[in-house]
Number of protein chains: 2
Amino acid sequence: MSMLHDMDSTAFTILGEPTRLRILSELRDEELHVGELVAKLDCTQPTISKHLKVLRDAGFVECRVDAQRRVYHLKQQPFKSLDDWLEPYRQLWNRNLDALENFLDQQENNK
Amino acid sequence: MSMLHDMDSTAFTILGEPTRLRILSELRDEELHVGELVAKLDCTQPTISKHLKVLRDAGFVECRVDAQRRVYHLKQQPFKSLDDWLEPYRQLWNRNLDALENFLDQQENNK
DNA sequence: ATTTTATATTCCTTGACACGTATATACGTT
DNA sequence: AACGTATATACGTGTCAAGGAATATAAAAT
């Protein structure tokens, strides 16, 4: 039960780099090729390419070839893993919601 | 609209350390003091204390004092931020679900 | 008051990684 | 074929963070 949800920390290491996080953010709504990412994030091209390699190897992105261009887009799997990892922590606020509800019920009953 | 959900990468940097991730995992179901964490994760005490400081400074955990002991527990805020950050990426699978639904509807209609 | 227990902090060393520059590869255009 | 464009890779360098050992702090027990 708690064996599920136990996650390798490497995914977080990958997201812990500001430029990589921005790359993912830029790719949320549209596919982009390397040059476009270089322009949007004003980094050098090698920097972007290296970050893209890291993201590719970790399965966060994928690219299709369009002539000399590589067009990158997001893959869902690692994000789903994050969502699963987060699941057991959601009780932190659900629990509080329950407590609030109980409190409000209590108030109601004491009227 | 996309300004919300844009997250500082430091939270991920913090989660990118295996021992810290395990500390959070251990604290999911129960409060623990430092000594208990040292035992569970077999690290040296200074290592655990240093990781706890990082987690404290980032708001992931909090501790109450019990005599010489510091009893640590999770705080919800950073986890909620992660949940919010994840939100726009959920369309990656919702979108696919929609596509699947459409496909199935299509199949249905063609009977 | 002294000693023991529990935790935090400091200093040092080492390893990982991010960036820049330069270069390689591959496709397109002329 | 030669040149230009688009992307990837290699190498050297600097920064930062993790871990170990030693020490500091604080409360408890004797």
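To find a chain, count down the sequence lines: A is the first, B the second, and so on, and within it residues start at 1.
The structure places OG1 of B/T13 at 9.5 Å from CG of A/L15, a figure rounded to the nearest 0.5 Å. Atom CG in B/L41 sits 13.0 Å away from atom CZ in B/R20 (nearest 0.5 Å). Residue A/Q91 holds its CD atom at 9.0 Å from CG of B/L74, rounded to the nearest 0.5 Å. Of the inter-residue distances, the one linking B/T19 atom OG1 with B/L24 atom CG reads 11.0 Å to the nearest 0.5 angstrom.
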Give the table of side-chain donor-acceptor pairs shorter than 3.5 Å for residues 53-60 of chain A, with sequence neighbours excluded, one pair per line with atom names and distance.
residue: A/K53; atom: NZ; partner: A/D57; partner atom: OD2; Å: 3.4
residue: A/R56; atom: NE; partner: A/Y72; partner atom: OH; Å: 3.2

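Scored by the side chain to side chain donor-acceptor pair (under 3.5 Å) test, B/D8 finds B/T10 as partners (sequence neighbours excluded). A/S49 meets the side chain to side chain donor-acceptor pair (under 3.5 Å) test with A/Q45; sequence neighbours excluded. Contacts of B/E26 classified as salt bridge (charged side-chain N to carboxylate O under 4.0 Å, His left out), with partners at least two apart in sequence or in another chain: B/R22, B/K40. The side chain to side chain donor-acceptor pair (under 3.5 Å) test applied to B/R90 returns A/D83, B/D83, B/E87, not counting sequence neighbours. Remark: A/R64 pairs with A/E31 by the side chain to side chain donor-acceptor pair (under 3.5 Å) rule, at least two apart or across chains.
At the phosphate of C/dA6, neither OP1 nor OP2 sits under 4.0 Å from any side-chain N or O atom of B/Y72.
Using a 4.0 Å cut-off on heavy atoms, none of the residues of residues 53-64 of chain A approach DNA chain C. The stretch residues 8-23 of chain B has no heavy atom under 4.0 angstrom from DNA chain C at all. Residues from residues 43-51 of chain A that place a heavy atom under 4.0 Å from any atom of DNA chain C, listed by number: A/T44, A/P46, A/T47, A/K50, A/H51.
Among pairs with a residue in residues 7-34 of chain A, those fulfilling ring pair (Phe, Tyr, Trp, His ring centres under 6.0 Å) read A/F12-A/W85, at least two apart in sequence or across chains. For residues 66-79 of chain A, every residue pair satisfying the salt bridge (Lys or Arg N to Asp or Glu O under 4.0 Å) rule, not counting sequence neighbours, is listed here: A/E62-A/K75.
Rounded to whole angstrom, the span from the CG atom of A/L41 across to the C1' atom of C/dA18 amounts to 15 Å. Going from atom CG of A/D66 over to atom P of C/dC27 covers 13 Å, rounded to whole Å.
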Can you pull every protein N or O that's under 3.5 Å from an N or O on nucleotides 1-5 of chain D?
none

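Contact check for B/S81 versus B/M7: side-chain heavy atoms found under the 4.5 Å cut-off.
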